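Here is the structure we will look at, set down as structure tokens.
Fair warning: this is a prediction, and the values are worked out from it, not measured in the lab.
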Amino acid sequence: MPFVISRDGYRLRCSALALATGLLTVPGAGWAQAATDGAADISVTGHRDPEGLLPDQTDARAVSAISADFIVKQAPSLNAFQLVSLLPGANVASSDPYGLSTSSSLTLRGLGQDQIGVLLEGAPQNDIGYYYAYPSQFADTENLRQIALAQGAVDIDSPTVGGAGGLLSLTLDDPKAQRQALVDFSVGAYDLRRAFVRVDTGTIGQTGLRAFLSYSNTRASNWRGPGYDTRQHVDAKLLREWGDGSRASLALSFNDANSSSYPSPTLAEWQAEGRKFNYAASYVAGGIDYWRLYRAPFRNLYASAPVHVVLGDGLTLDSTTYLQFGYGNSPYGTELATTGNYLGNEELAQPIVLPGAVDGIATVLGNYTGDQTRTGNVSKLTLQAGAHRVTAGLWFDYGTDRVAQSYTMIDANGRPTDRWGYRAEAIRTADGRLLAYENQRTVTVTKGFFLADSFAVTPRLTADVGFKGVNLLRRGRNYLPGPQTRVRSDSFAALPRAAVHYAIDDRQQLFVNITTNFRTPNEFTLYDSYYGGVVSTRGTNALKNEYSVSQELGYRYIGPSLSASVTGFHYKFRNRQLATVVDVDGAQVNSTLNAGGQTSYGIDAEIDYRPARGVSVYVSGEYLRARIDDDLPVGGDFLPTRGKHAVSSPTVQIGGGGTYDDGFLFGSVAGKYVGRQYATFVNDESIKGYATLDLSVGVHLADRLDGKRTDLRINAINLTDAHVLAGVQAVTTNAHDVVGRGGTIIAGAAPAYYIGGGAAVVATVSRGF
């Protein structure tokens with residue numbers, strides 16, 4: 001029997017079979033797609049959301065998003081982490097206002113950046129060895145159609161490992177059907193200069209192909225301390241559509257940057273120096289804190305080729321092949337002696353040649369270089385058969401990571417002879433070997449399969465069940481002399497899941513889900529580390545994998561002028577792995593701490609109210625209770641951590657803002673409050689809550705000129721110039737000496753923090769051709 005679907009004032013009459021088989025799709029009506037034959041009148045009402053906040057969602061999980069209409073009102077240099085900071089649960093710590101530095105972090109519901117999967121056009125952006133993703137490398141914001149943030153449950157077909165913290169999905173804009181071009185030019189505080197140009201080919205002859213190519217160039221001085229950042233970026237997308245919904249595309253994203261690594265102070269250093277805690281502006285012979293020794297050059301290429309093919313009635317194939325290359329250096333200043341050196345556990349009998357050494361000591365550039373290649377494919381078949389939509393798929397991923405901590409000479413002015421740390425230019429031993437503190441190559445092979453069924457219990461009630469199996473194999477070679485040469489770790493996890501979605505009426509939804517996730521320790525934990533010729537940290541493959549079970553219970557309302565969602569969530573972790581940064585002979589190295597068990601629960605909520613055309617008011621919030629379940633073993637004793645707050649997990653976050661666009665004048669405002677964050681497992685050090693405020697205003701001039709897009713806008717970032725510590729960069733077990741459960745004194749170590757970016761104003765002109 002036909003039923004009625006209403007959207008944006010339009011009404012369609014269609015059969016349940018047409019909707020269920022995908023022959024008819026309606027934006028915002030995804031949960032109705034499982035409707036079965038029978039008497040039913042379903043009216044799905046939503047809104048086009050021209051303001052870009054809280055687009056309609058119909059998943060059986062919590063999902064928040066921002067679309068291009070909101071993104072285009074923000075400063076064009078902002079990265080994806082900064083753009084989603086208003087969304088529920090998103091705690092963003094950025095060290096510079098423009099998002100150019102690699103010193104930044106994102107946590108969701110208290111779960112860190114290395115536990116959040118990031119996809120661009122379906123391809124993973126995370127580092128396969130350490131699970132991090134670096135937002136300054138992502139696509140330019142002018143090319144983004146949407147950024148979606150799933151705070152809890154990750155898609156079953158997502159090619160990610162360790163997604164307990166959620167999934168950040170970036171979708172590129174499709175190439176335009178008509179030939180056109182867009183040029184942006186921005187200037188701002190701290191000598192910001194940014195140019196962006198995009199060219200769309202339109203449909204190319206009779207091929208049906210269309211493409212876009214964009215290039216951007218950004219330069220800005222450091223907002224605190226000496227130095228500057230540069231970034232060149234290229235995005236491209238080629239698209240072909242045919243038949244009844246089939247499409248294939250190729251997306252490329254290339255980034256070439258030289259970014260500042262802002263120093264992260266301890267609490268004592270922050271209280272003593274505040275924002276003056278910086279690297280030195282000029283080089284002094286023998287000094288290791290000169291700013292040129294802390295600039296991180298990186299080059300990355302990401303490629304994704306998603307294909308969607310309609311094979312027949314109710315049968316589709318989706319396949320995404322991806323490839324990424326990356327090489328970069330995270331350098332630092334250090335001292336090196338001509339004698340008394342070791343390579344692994346081998347003492348070097350012959351001295352190292354160090355031109356310019358004074359009394360046998362020279363200041364050098366310490367290199368922490370990574371050379372990564374990663375490729376993979378995820379494919380699935382989906383069959384719509386009556387009330388069931390069955391999906392089956394495979395995932396394969398192969399990655400290599402060559403890591404070396406070597407040394408390079410600097411000249412008399414403190415400039416590195418090679419900022420990239422290439423091994424050909426690095427300092428070598430007397431017999432020609434690379435002098436390295438760390439030298440290894442790791443191969444990571446991931447294999448996965450998944451099977452899921454989404455079936456309509458009634459026309460309004462849909463259930464989803466699924467299972468995913470993932471095998472992750474690491475094998476590596478330690479090139480340093482010593483007892484360890486080969487490493488290997490092999491893990492398998494069974495990950496069941498289930499969800500239910502119920503459409504109460506044409507505006508209201510209920511959903512509930514249960515999801516499992518796992519994560520292996522990062523590759524650094526496999527390798528021995530040496531200091532003074534002896535093993536200082538022994539690598540192991542015996543560390544237990546993190547495993548978590550999460551549940552969500554949510555409600556949504558989608559109306560013509562008001563949309564809202566509220567989600568309750570609960571997490572239970574075993575062997576919670578917590579990312580931190582350890583100082584290894586001056587290098588800031590990503591590492592992992594086992595935080596034992598953890599239990600978290602809380603509520604996320606967001607509301608978008610549209611009182612008039614072009615006006616949107618948005619409010620989000622989160623309450624989070626995250627507690628450590630176990631006392632942590634340290635040496636032969638236990639730290640008293642049971643019942644303590646989890647680190648980097650603010651109890652309260654509140655976001656609010658709004659947008660306005662009447663066709664001529666437009667603007668936006670965004671404010672965020674983040675509560676207190678603990679930095680140690682025993683909660684003996686924390687940073688207080690803080691608030692930030694961003695503002696933008698602009699005008700559309702197309703109607704007053706030649707009809708072609710011409711926009712002028714001004715963005716004020718951190719308008720109140722809040723002087724704050726924005727987040728925890730390196731957690732520790734305890735900041736001060738603590739008496740363990742067994743009575744021993746457990747020495748403390750100071751955590752380090754991100755200094756929040758300062759105020760900045762950016763002016764941008766955009767012109768279409």
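Looking at every heavy atom in both residues, Phe185 comes nearest to Ala195 through CD1-CB, 4.1 Å. Of all heavy-atom pairs spanning Ala65 and Ala148, the tightest one is CB-CA, 3.9 Å. Here the closest non-hydrogen pair linking Pro297 and Asn258 is N-OD1, 3.5 Å. Contact detail for Tyr322 and Pro124: the closest heavy-atom pair is CE1-CG, 3.6 Å. Here the shortest heavy-atom pairing between Gln113 and Ser105 reads OE1-CA, 3.0 Å. In plain terms, the two heavy atoms of Gly165 and Leu111 that are nearest each other are CA-CD1, 3.6 Å.
Side-chain atoms of Thr141 come within 3.5 Å of backbone N or O of Pro76 as a donor-acceptor pair. Listed for the Ser221 side chain is no donor-acceptor partner under 3.5 Å among the backbone atoms of Tyr228. Judged purely by atom type and a 3.5 angstrom limit, Asn126 has no side-chain atom pairing as donor or acceptor with the backbone of Ile128. Thr525 places no side-chain N or O within 3.5 Å of a backbone atom of Glu523 that could act as its donor or acceptor partner. With hydrogens and angles ignored, the 3.5 Å screen pairs no side-chain donor or acceptor of Lys672 with any backbone N or O of Thr692. Checked by atom type and distance alone, the side chain of Asn522 never pairs as donor or acceptor with a backbone atom of Tyr130 at under 3.5 Å. Checked by atom type and distance alone, the side chain of Gln729 never pairs as donor or acceptor with a backbone atom of Gly727 at under 3.5 Å. A side-chain donor-acceptor contact under 3.5 Å links His233 to the backbone of Phe254. Remark: side-chain polar atoms of Asp59 are not paired, donor with acceptor, to backbone N or O of Val63 under 3.5 angstrom. With Asp694 contributing its side chain and Asn718 its backbone, the two residues share a donor-acceptor pair below 3.5 Å.
Looking at Leu119 and Leu167, their side chains come closer than 4.5 Å, going by heavy atoms from C-beta outward. Contact check for Gln115 versus Arg519: side-chain heavy atoms found under the 4.5 Å cut-off. With contacts defined as side-chain heavy-atom distances shorter than 4.5 Å, the pair Ile147/Leu168 qualifies. The closest side-chain heavy-atom distance from Tyr407 to Thr334 is below 4.5 Å. Tyr398 is listed as a side-chain neighbour of Thr400, based on a closest heavy-atom distance under 4.5 Å. Here the side chains of Asp200 and Arg210 are not in contact, with every heavy-atom distance at 4.5 Å or above. Between Thr446 and Val470, the closest side-chain pair of non-hydrogen atoms falls below 4.5 Å. Using a 4.5 Å heavy-atom threshold, the side chains of Thr659 and Lys73 count as touching.
In this structure, Arg193 does not pair ionically with Asp191, as no charged nitrogen and carboxylate oxygen lie closer than 4.0 Å. Between Glu142 and Arg194 there is a salt bridge, since at least one side-chain N of the basic residue sits less than 4.0 Å from a carboxylate O of the acidic one. A salt bridge is absent between Asp229 and Arg219; no separation between the charged side-chain nitrogens and carboxylate oxygens falls under 4.0 Å. We find that Arg374 and Asp127 are not joined by a salt bridge, their nearest charged nitrogen and carboxylate oxygen being 4.0 Å or further apart.
For Asn377 and Ser319, the side-chain atoms include at least one donor-acceptor pair closer than 3.5 Å. Counted by atom type alone, Ser260 and Asn222 present one or more donor-acceptor pairs between their side chains at under 3.5 Å. Neither side chain, Asn79 nor Ser136, offers a donor N or O lying under 3.5 Å from an acceptor on the other.
Remark: Asn217 engages Tyr215, Gln232 in a side chain to side chain contact (heavy atoms under 4.5 Å, CB included) (not counting sequence neighbours). The ring pair (Phe, Tyr, Trp, His ring centres under 6.0 Å) search around Tyr302 returns none, not counting sequence neighbours. Legend: residues meeting side chain to side chain contact (heavy atoms under 4.5 Å, CB included) with Thr369, ordered by chain and number and at least two apart, are Tyr327, Asn329, Asn367, Ala404, Arg423.
The salt bridge (Lys or Arg N to Asp or Glu O under 4.0 Å) analysis of residues 296-306, with sequence neighbours excluded, yields the pairs Asp256-Arg299. Listed by first and then second residue, the salt bridge (Lys or Arg N to Asp or Glu O under 4.0 Å) pairs involving residues 153-176 are Arg61-Asp155, Arg145-Asp174, Asp157-Lys380, Asp173-Lys176, Asp173-Arg198, Asp174-Lys237, Asp174-Arg247 (not counting sequence neighbours).
Ring geometry for Tyr190 versus Tyr98: interplanar angle over 60°, hence perpendicular rather than tilted (30 to 60°).
Expressed to the nearest 0.5 Å, how far OG of Ser101 lies from CZ of Arg295 amounts to 11.0 Å. Note that CG of Leu365 is 11.5 Å distant from CD1 of Ile288, once rounded to the nearest 0.5 Å. Remark: Ser304 OG to Leu172 CG distance equals 8.5 Å, nearest 0.5 Å. Distance check: Ser249 OG to Glu121 CD gives 5.5 Å after rounding to the nearest 0.5 Å. Rounding to the nearest 0.5 Å gives a distance of 14.5 Å between OH of Tyr294 and CZ of Arg292. Ser95 contributes atom OG, which lies 6.5 Å from atom CZ of Arg224 (distance to the nearest 0.5 angstrom).
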Problem - Check against side-chain hydrogen bond (donor to acceptor under 3.5 Å, both in side chains), Ser261 and Tyr279 - result: CA-CA 10 Å; Ser261 299; Tyr279 295 121; over 6 Å; no
Exercise for the section: For Val403 and Tyr368, run side-chain contact (heavy atoms from CB on, under 4.5 Å): C-alpha distance rounded to whole Å, both residues' side-chain angles, the deciding distance at 0.1 Å, then the answer. Expected result: CA-CA 7 Å; Val403 173; Tyr368 192 80; 3.8 Å; yes
Practice task
Would you please test Asp711 and Arg713 for salt bridge (charged side-chain N to carboxylate O under 4.0 Å, His left out) and show each step?
Solution key: CA-CA 7 Å; Asp711 294 340; Arg713 73 178 184 273; 5.8 Å; no
Practice task
Determine, step by step, whether Asp184 and Ser766 satisfy the side-chain hydrogen bond (donor to acceptor under 3.5 Å, both in side chains) criterion, reporting the C-alpha distance in whole Å, the side-chain angles of both residues, the deciding distance to 0.1 Å, and the verdict.
Solution key: CA-CA 4 Å; Asp184 284 0; Ser766 300; 2.7 Å; yes
Handout entry: Stepwise side-chain hydrogen bond (donor to acceptor under 3.5 Å, both in side chains) test for Ser253 and Asp235
Key = CA-CA 5 Å; Ser253 187; Asp235 291 324; 2.8 Å; yes
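Heavy atoms of other residues, nucleotides or ligands lying less than 6.0 angstrom from CZ of Arg275 number more than 12.
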In residues 86-94, what donor-acceptor pairs under 3.5 Å come from side-chain atoms, sequence neighbours left out?
from  : atom 1 : to     : atom 2 : distance (Å)
Asn91 : ND2    : Thr107 : OG1    : 3.4
Asn91 : ND2    : Gln677 : OE1    : 3.1
Ser94 : OG     : Gln82  : NE2    : 3.3
Ser94 : OG     : Asp96  : O      : 3.0

